[in-house]
Amino acid sequence: MVDSAQRLPIVPMPLAVGTPPDNKNIVGREATVAEVCDLLITGTSVALTGDRRYGKSSVKNLIVEELPTRGARIVAISAQRQSLTDVVSALITQIRGSLDGGALGDFDKWSVQVKLGPATLTRESAAARERAEATLEGAIRTVASLTRDRLVLAIDEVPELFIANREDGAALVRMLRRIRQEHPTRVSMLLLGSMGLHHVDRAAPGAFNDVTSIAVGPISERDGVYLARCLMLGAAVTCQDGEVPVAQATYAAAEGIPYYVHHLVRMASRRDGRRIHSHDVASEVAAALSDEQDPWNMRHYTDRVPGYYGPQADLAYAALDAYAVSPAPMDVDALVADLGHTGVEVERATMVTLLRDLTLDHYLRAGGGDPHRVRHEWSSALVREAWRLRRQV
């Protein structure tokens with residue numbers, strides 16, 4: 001991790017456009033990592049929030065690297081699986097791998113009680129969920145008896161199990177809360193997911209009321225310009241009007257998100273002669289968003305709506321279409337009226353709730369600057385433009 005408080009000289013960095021960058025090349029996240037580690041090590045569980053590509057996985061990777069140096073034992077898995085049993089199996093496998101050889105004999109009596117192997121598409125019974133929970137509980141008690149280290153469970157894509165299997169997803173978050181409540185001095189959790197945890201919370205009320213939310217957003221301009229300059233040096237990009245103006249334009253066009261900084265530098269590296277002017281950066285964005293091959297996989301933002309909103313998917317599409325073409329932020333009454341003109345009738349209370357969800361899922365944000373009337377607009381100009389192109393609105 002590059003510490004912005006102790007800025008290093010500009011050095012070549014490799015592009016990372018398919019996977020998170022190496023930890024040593026992550027820029028501008030040291031304050032967030034320090035804050036989260038402090039909370040986890042003292043017993044507070046944390047949910048990292050932020051839209052897809054904002055850098056949550058990079059922050060998690062740095063935390064996984066840092067916590068062992070502070071006396072914690074951390075295991076990390078993804079909950080993007082088909083059943084609760086699969087999630088528990090993955091957790092136990094990782095916990096087992098973190099133990100010293102001498103402790104494995106005591107631990108293995110728990111691992112054999114959970115079905116291992118590929119995920120299944122069948123709905124699990126309540127009895128299977130109870131067995132999985134009892135197995136994980138027993139494993140954690142065993143670890144607690146074998147070591148004094150705090151155990152941190154880092155679980156990515158927490159809501160994805162809920163999308164695949166709502167009963168198992170709700171059972172997972174209830175199980176995790178019980179474990180946190182019963183082992184407050186020994187267990188902390190780091191939970192992640194670009195889909196808002198509020199969707200799961202409705203099926204398991206109160207499951208996250210003991211978890212502190214930490215937002216992962218854009219990096220600072222100073223950090224973003226530094227990152228762009230290092231990436232351009234690594235990719236041998238020549239800047240016609242100087243590397244600083246091009247780096248500044250890249251940071252602004254990427255909205256401060258390192259993922260898009262990497263992609264824009266990659267596009268610059270493929271130009272004829274690898275020469276770019278700061279004025280060219282906006283056209284690079286337009287080219288990426290209009291490319292039928294969808295090199296930035298922006299279709300995800302439209303394709304995920306049915307999984308997020310279920311029977312309200314059509315209404316969510318209609319609302320987001322309206323905001324995508326609106327020249328200014330709209331409040332709920334203006335939105336309801338606008339939809340009515342297109343033949344979409346909706347109750348105001350229904351739309352208030354949906355707007356809350358669209359905001360928590362990072363599609364929208366409060367805008368307009370009126371403290372007495374909440375108006376919404378798209379939170380990202382990049383995603384808004386991609387939405388307009390894909391939806392042809």
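As the structure is a computational prediction, the values presented were derived from the model and not from experiment.
A 4.5 Å side-chain heavy-atom check between R53 and N297 finds at least one atom pair inside the cut-off. Residues D38 and E35 fail the side-chain proximity criterion, which asks for heavy atoms closer than 4.5 Å. Looking only at side-chain heavy atoms (C-beta outward), E221 and Q248 come within less than 4.5 Å of each other. Between V281 and I276, the closest side-chain pair of non-hydrogen atoms falls below 4.5 Å. Looking only at side-chain heavy atoms (C-beta outward), Y309 and L315 stay at 4.5 Å or farther from each other. By the 4.5 Å heavy-atom criterion applied to side chains, R70 and L40 are not counted as neighbours. Between L151 and I140, the closest side-chain pair of non-hydrogen atoms falls below 4.5 Å. Contact check for R73 versus P68: no side-chain heavy atoms found under the 4.5 Å cut-off.
Salt bridge status for R129 with E167: present, with a side-chain N to carboxylate O gap under 4.0 Å. Salt bridge D51/R304: present, at least one basic N to carboxylate O contact under 4.0 Å. Under 4.0 Å is where a charged nitrogen must lie from a carboxylate oxygen, and between R178 and E137 no such pair does. Between E133 and R174 there is no salt bridge, since no side-chain nitrogen of the basic residue lies less than 4.0 Å from a carboxylate oxygen of the acidic one. Between D86 and R81 no salt bridge is recorded (no basic side-chain N to carboxylate O distance below 4.0 Å). A salt bridge is defined here as a Lys NZ or Arg NE, NH1 or NH2 lying under 4.0 Å from an Asp or Glu carboxylate O, and D361 with R52 fails to meet this definition.
Residue-environment remark: CD (E347) stays at or below the threshold of 12 foreign heavy atoms within 6.0 Å.
N165 and Q82 form no side-chain donor-acceptor contact under 3.5 Å, judged by distance and modelled atom types alone. Judged by distance alone, the side chains of S278 and D241 do bring a donor and an acceptor atom under 3.5 Å apart. S220 and D223 share a donor-acceptor pair across their side chains, judged by distance under 3.5 Å alone.
Note: Y54 OH to H362 NE2 = 8.0 Å, rounded to the nearest 0.5 Å. Atoms CD and OG1, on E243 and T250 in that order, are 11.5 Å from each other to the nearest 0.5 Å. Rounded to the nearest 0.5 angstrom, L153 CG and I95 CD1 are separated by 5.5 Å. Going from atom CG of D210 over to atom CZ of R180 covers 4.0 Å, rounded to the nearest 0.5 Å. Distance check: S380 OG to I257 CD1 gives 8.0 Å after rounding to the nearest 0.5 Å. Between the CE atom in M298 and the CG atom in L289 there is a gap of 5.5 Å [rounded to 0.5 Å].
Contact detail for V265 and A228: the closest heavy-atom pair is CG2-O, 4.3 Å. Nearest heavy-atom pair across G43 and S188 is CA-OG, 3.5 Å. A pairwise comparison of heavy atoms in A313 and P306 identifies CB-CA, 3.9 Å as the closest pair. Pairing each heavy atom of G55 with each of V216, the nearest pair is C-CG1, 3.9 Å. The two atoms that bring V11 and L233 nearest to each other are C-CD2, 3.7 Å, heavy atoms only. Between A132 and T85 the shortest heavy-atom distance is CB-OG1, 4.3 Å.
In this structure, Y308 and Y363 have perpendicular ring planes: the angle between them is above 60°, well past the 30° mark.
At least one donor-acceptor pair closer than 3.5 Å links the side chain of D280 to the backbone N or O of H277. For D294 (side chain) and R299 (main-chain N/O), a donor-acceptor pair under 3.5 Å exists by modelled atom type. Not a single donor-acceptor pair under 3.5 Å links the side chain of Y259 to the backbone N or O of A16. Judged by distance alone, the side chain of T142 and the main-chain N or O of G138 form a donor-acceptor pair under 3.5 Å. No donor-acceptor pair under 3.5 Å is formed between the side chain of R266 and the backbone N or O of L15. Not a single donor-acceptor pair under 3.5 Å links the side chain of E255 to the backbone N or O of P218. Looking at T238, its side chain never comes within 3.5 Å of a backbone N or O of R275 through a donor-acceptor pair. A donor-acceptor pair under 3.5 Å is formed between the side chain of S45 and the backbone N or O of M189. Of the possible donor and acceptor atoms, none in the side chain of Q312 sits under 3.5 Å from a partner among the backbone N and O of L354. For the pair D22 (side chain) and K24 (backbone), a donor-acceptor distance under 3.5 Å is absent.
Under the 4.5 Å side-chain heavy-atom criterion for grouping Ile, Leu, Val, Met, Phe, Trp and Tyr, I10 is not connected to V244 through any hydrophobic cluster. If you chain together hydrophobic residues whose side chains sit under 4.5 Å apart, V336 and V352 fall into the same group. If you chain together hydrophobic residues whose side chains sit under 4.5 Å apart, V374 and L339 never meet in one group.
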Item to check | Stepwise side-chain hydrogen bond (donor to acceptor under 3.5 Å, both in side chains) test for R391 and T302 | outcome: CA-CA 8 Å; R391 296 278 296 172; T302 53; over 6 Å; no

Checklist entry - Are Q240 and V246 close enough, and set up right, to give a side-chain contact (heavy atoms from CB on, under 4.5 Å), and what steps lead you there? => result CA-CA 8 Å; Q240 290 180 292; V246 173; over 6 Å; no

Item to check | Criterion side-chain contact (heavy atoms from CB on, under 4.5 Å) on T359 and R356, from CA distance to verdict | outcome: CA-CA 5 Å; T359 302; R356 173 182 175 273; 5.8 Å; no

Checklist entry - Does the side-chain contact (heavy atoms from CB on, under 4.5 Å) test come out yes or no for S326 and E377, once each step is laid out? => result CA-CA 8 Å; S326 176; E377 62 186 351; over 6 Å; no

Checklist entry - What do the steps show when you test V27 against N25 for side-chain contact (heavy atoms from CB on, under 4.5 Å), and what is the final call? => result CA-CA 6 Å; V27 175; N25 295 326; over 6 Å; no

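Both tests do not hold together for R384 against Y323: distance to the six-membered ring centre under 6.0 Å, angle to the ring axis within 45°.
Taking the ring centroids of Y260 and W296, they lie under the 6.0 Å cut-off.
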